[in-house]
Amino acid sequence: MKLIRSHRDLAINGAQPAYSSPLHVGKPNVGSRETFTRLAGEMFERAWFSNNGPLLHEFERRIADYLGVKHCVAMRNGTIALEIAIRAVGLTGEVIVPSYTFIATAHALYWQGITPVFADIDPHTQNLDPAAVVRMITPRTTGIIGVHLWGRPAPVEPLREIADEHGLRLMFDAAHAFGCSHRGRMIGGFGACEVLSFHATKFFNTFEGGAVVTDDDDLAETMRLMRNFGFSGYDNVIHPGTNGKMIEVCAAMGLANLESIDAAIDANRANYHAYRQALAELPGISVLGYDESERNNFQYIVLEIGESCPVRRDEIVRALQAENILARKYFWPGCHKMSPYRELYPHAGLVLPNTERVSGRVVVLPTGMGLPEGAVAAIAGILRVLLSEAA
Ligand code: T4K
C-alpha cells in the first residue's frame, strides 16, 4: 500500500492508485467450496438440474427455518420473485413504492402494467415516510411495497395501519434484509409476503437467486404454480405462469453459503465498526448506523456526505474510484429520474425532496469477507487527505 501523506499522493492528482485491482462494493462472499463441490457432484450424478430438485427443497426448508416462516418459494432472481409476488398478491392499478430504492422495485410493477407511484422517504431512516405514503393514495391504489433499505426495517407497523385503513395490500421488498430482524422477529415474516435477493453482490448469494417468503399457505401455493408455468403434475396446467425456478446449482451454492453465513455477518460487522471508528473524525461525513439491539447483516457501509463536508459527494466518489476503490452512489438519482419514470412524471421531484437530497449525498463503500486487510484504514487515510486539502 502506498503512503498517503498529502494531496500529491492521491491518484486523482496523478499518483499510482492505492490498489492495483478493484475493490468492489458487491464482491461476492464465497462459503465452503468443499460443500459446494460435493453438492454439485451429487447433482451431476443424479442428472437432475432444475424443476423441484432435492437441493431446492433442502434450500427452501433451511431458509424458511432460518427466518421462522412457513414457506420459502425460491426463484431465479429477486426481480422475478418480486414480479411473481406482486401478481400473486393481486396488485393492479397503482402501487406505492419509494423512489429511493434499486430500480427493480419499480420495474417489477411497470413490467406488469402496474403504475409505481413514488412516495418520499424519511431522511433519517432513508425508508418510506408513512405520511408521504398516505398523500399518494388515490382511488386506483391497490397496495404498498415497503423496502427495508440497507437491511434497516421499513416502518412496518405504520404501513400496516395505513394499508388496513385504506383496504390496501402490503408486501415488502426485503432484498437487502436477509438475516435482519425487526422488534425481535426476523424480516421475512411481515406483510402478505417478503421478497429476498440472493444476487452475487448480496452478502449471502446463490450466484443469482431470490425467494418469496410468507406464512400464507394459499399464496405460497399460487407462487409455486406461477414460477413453473402453472404446472400441476405432468400435462396439467392449472394457472398462468412463467419460468421463475431456482436451478439446482444455485441451491447448492446457497446451501454452501449458509454454512458460513455467521462468518459473513461477523466480517461485515467488524468492517462496519472499523469504518465508524476510522471515519468518526472526518467533518461532515457520517456512517449510517444499524440498531444493534436487532439482528443485522451489516452488508452496506453507507456514508452520508453532509453540508459541512468540504468536498462534494461526487468528488469523493471520483477520488476513491481513481484509487481503484469502486465506491457507489446507490441509489442515485432515484427511480423517478430514470426511464420510463422521468418521462412519465417529469415533476415528481417536487414531492420527493428528501429522496433527492439523500440520494445526492450517499456513498456506499466496499465491505464483505474479501475486503483486504488495511482497506478501512487506507480509505480513511485517502478521505482525510482529500478533505484536509480542501478545507
Ligand atoms: N430490490 C432491491 C432493493 C435490490 O437492491 C435489488 C438488487 C433487487 C430488488 C433485485 O434483486 P435481483 O434481481 O438482482 O436478485 C447490483 C445488483 O445487480 C443487484 O442485485 C442489487 N440489488 C443492486 C443493489 O446492486 P448494480 O447495477 O450495482 O450491479 P453491478 O454490476 O454494478 O455490480 C455491483 C458491484 O459488484 C460492482 O462493483 C461489481 C461487483 N461485482 C458484481 C458481480 C455481479 C463483483 O465483484 N462480482 C460479481 O459477480 O446492481
Side-chain angles (χ1 to χ4, degrees), residues 19 21-31 63 73-86 95 97-111 116 118 121 126-128 145-154 171-178 180 187-188 191 193-213 227 242-247 250 253-254 257 264 297 299-302 317 320-321 323-335 338 355 359 362-372 375:
Y19 290 92
S21 53
L23 263 57
H24 289 291
V25 164
K27 182 174 178 182
N29 289 328
V30 181
I63 296 291
V73 186
M75 309 265 189
R76 196 68 195 90
N77 55 58
T79 305
I80 192 96
L82 269 172
E83 289 170 5
I84 287 176
I86 284 165
V95 172
V97 290
S99 171
Y100 192 51
T101 177
F102 188 62
I103 196 69
T105 318
H107 274 0
L109 291 162
Y110 187 79
W111 196 249
F118 299 118
I121 51 167
Q126 302 192 1
N127 274 313
L128 274 177
I145 303 180
V147 177
H148 306 296
L149 200 81
W150 316 126
R152 298 171 4 135
M171 55 175 273
F172 290 96
D173 178 340
H176 297 180
F178 183 55
C180 302
I187 285 176
C193 63
E194 303 212 49
V195 176
L196 305 167
S197 166
F198 306 133
H199 184 261
T201 55
K202 298 291 186 279
F203 87 103
F204 170 82
N205 78 85
T206 57
F207 296 123
E208 277 221 39
V212 189
V213 286
R227 76 169 169 189
T242 183
N243 184 352
K245 298 182 299 285
M246 175 177 278
I247 59 175
C250 292
M253 185 63 164
N257 280 340
N297 58 37
Q299 73 176 315
Y300 291 103
I301 303 293
V302 182
V317 170
L320 290 173
Q321 292 194 347
E323 305 288 354
N324 242 337
I325 297 160
L326 302 189
R328 297 294 297 263
K329 296 191 254 185
Y330 287 146
F331 289 101
W332 181 79
C335 295
M338 294 176 170
T355 300
S359 68
V362 160
V363 178
V364 177
L365 295 179
T367 182
M369 293 169 96
L371 191 74

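Because the structure is a prediction, the values reported are computed rather than measured. Just so you know, these numbers use all the heavy atoms, side chains as well, and skip hydrogens, waters and symmetry mates. Note that ligands are numbered from 1 as they come in the structure, with each ligand's atoms numbered from 1 the same way.
The option from E83, Q321, E208, H176 that lies nearest to atom 3 (C) of ligand 1, judged by heavy atoms, is H176. Between atom 1 (N) of ligand 1 and the options L196, D173, V364, the minimum heavy-atom separation is to D173. Relative to atom 30 (P) of ligand 1, the option among H24, R328, K329 with the closest non-hydrogen atom is R328. For the residues K202, H199, R76, the heavy atom positioned nearest atom 21 (C) of ligand 1 is part of K202.
Of all heavy-atom pairs between S359 and Y100, the closest is CB-CE1, 3.5 Å. Minimum interatomic distance between P116 and V97 (heavy atoms only, all atoms of both residues): CB-CG2, 4.0 Å. V147 and P98 get closest at one heavy-atom pair: CG2-CG, 3.6 Å. In terms of heavy atoms, N257 sits closest to G31 at OD1-N, 2.6 Å.
W150 and Y330 have tilted rings, their planes meeting at an angle from 30° to 60° on a 0 to 90° scale. Taking the six-membered ring where the residue is Trp, H176 and F331 present parallel rings, their angle staying beneath 30° rather than reaching 60°.
Taking a distance limit of 4.0 Å, we find that atom 15 (O) of ligand 1 is approached by some protein heavy atom.
Listed by atom number, the atoms of ligand 1 under 4.0 Å from F331 heavy atoms are 24 (C). Remark: ligand 1 atoms within the under-4.0 Å shell around heavy atoms of P28 are 45 (C), 46 (O), 47 (N), 48 (C), 49 (O). Near A104, meaning under 4.0 Å from one of its heavy atoms, ligand 1 places the atoms 8 (C), 9 (C), 10 (C). Less than 4.0 angstrom separates some heavy atom of K27 from each of these atoms of ligand 1: 46 (O). Residue contact check: A200 has heavy atoms under 4.0 Å from atoms 49 (O) of ligand 1. Contact atoms of ligand 1 toward S197: 11 (O), 12 (P), 15 (O) (distance under 4.0 Å to a heavy atom of the residue). Atoms of ligand 1 found under 4.0 Å from any heavy atom of T101 (numbered from 1 in listed order, with element): 3 (C).
Between the side chain of R328 and the main chain of H24, no donor-acceptor pair closer than 3.5 Å is present. A donor-acceptor pair under 3.5 Å links the side-chain atoms of Q299 to the main chain of F203, judged by distance alone. A distance-only check finds no donor-acceptor pair linking the side chain of N77 to the backbone of E208 [under 3.5 Å]. Proximity of a side-chain donor or acceptor of D173 to a complementary backbone N or O of I145 within less than 3.5 Å is not detected. Panel note: side chain N29, backbone G368; no donor-acceptor pair is recorded below 3.5 Å.
The nearest protein atom to atom 41 (N) of ligand 1, hydrogens excluded, is given as G26 O, 3.7 Å; this is a heavy-atom distance. If you check which protein heavy atom lies closest to atom 6 (C) of ligand 1, you get F102 CD2, 3.3 Å. Considering only non-hydrogen protein atoms, atom 10 (C) of ligand 1 sits nearest to T79 OG1, 3.5 Å. Protein heavy atom at the shortest distance from atom 43 (C) of ligand 1 is T201 CG2, 4.0 Å. Of the protein's heavy atoms, Y330 OH, 4.5 Å lies nearest to atom 29 (O) of ligand 1.
By the 6.0 Å contact criterion, NZ on K27 is open, its count of non-hydrogen atoms from other residues, nucleotides or ligands being 12 or less.
Taking a 4.0 Å cut-off on heavy atoms, G209 registers as neighbouring ligand 1. Ligand 1 does not have L326 within reach: every non-hydrogen atom of the residue lies 4.0 Å or more from it.
Of the polar atoms of G78, at least one N or O is found under 3.5 Å from an N or O of ligand 1, judged by distance alone.
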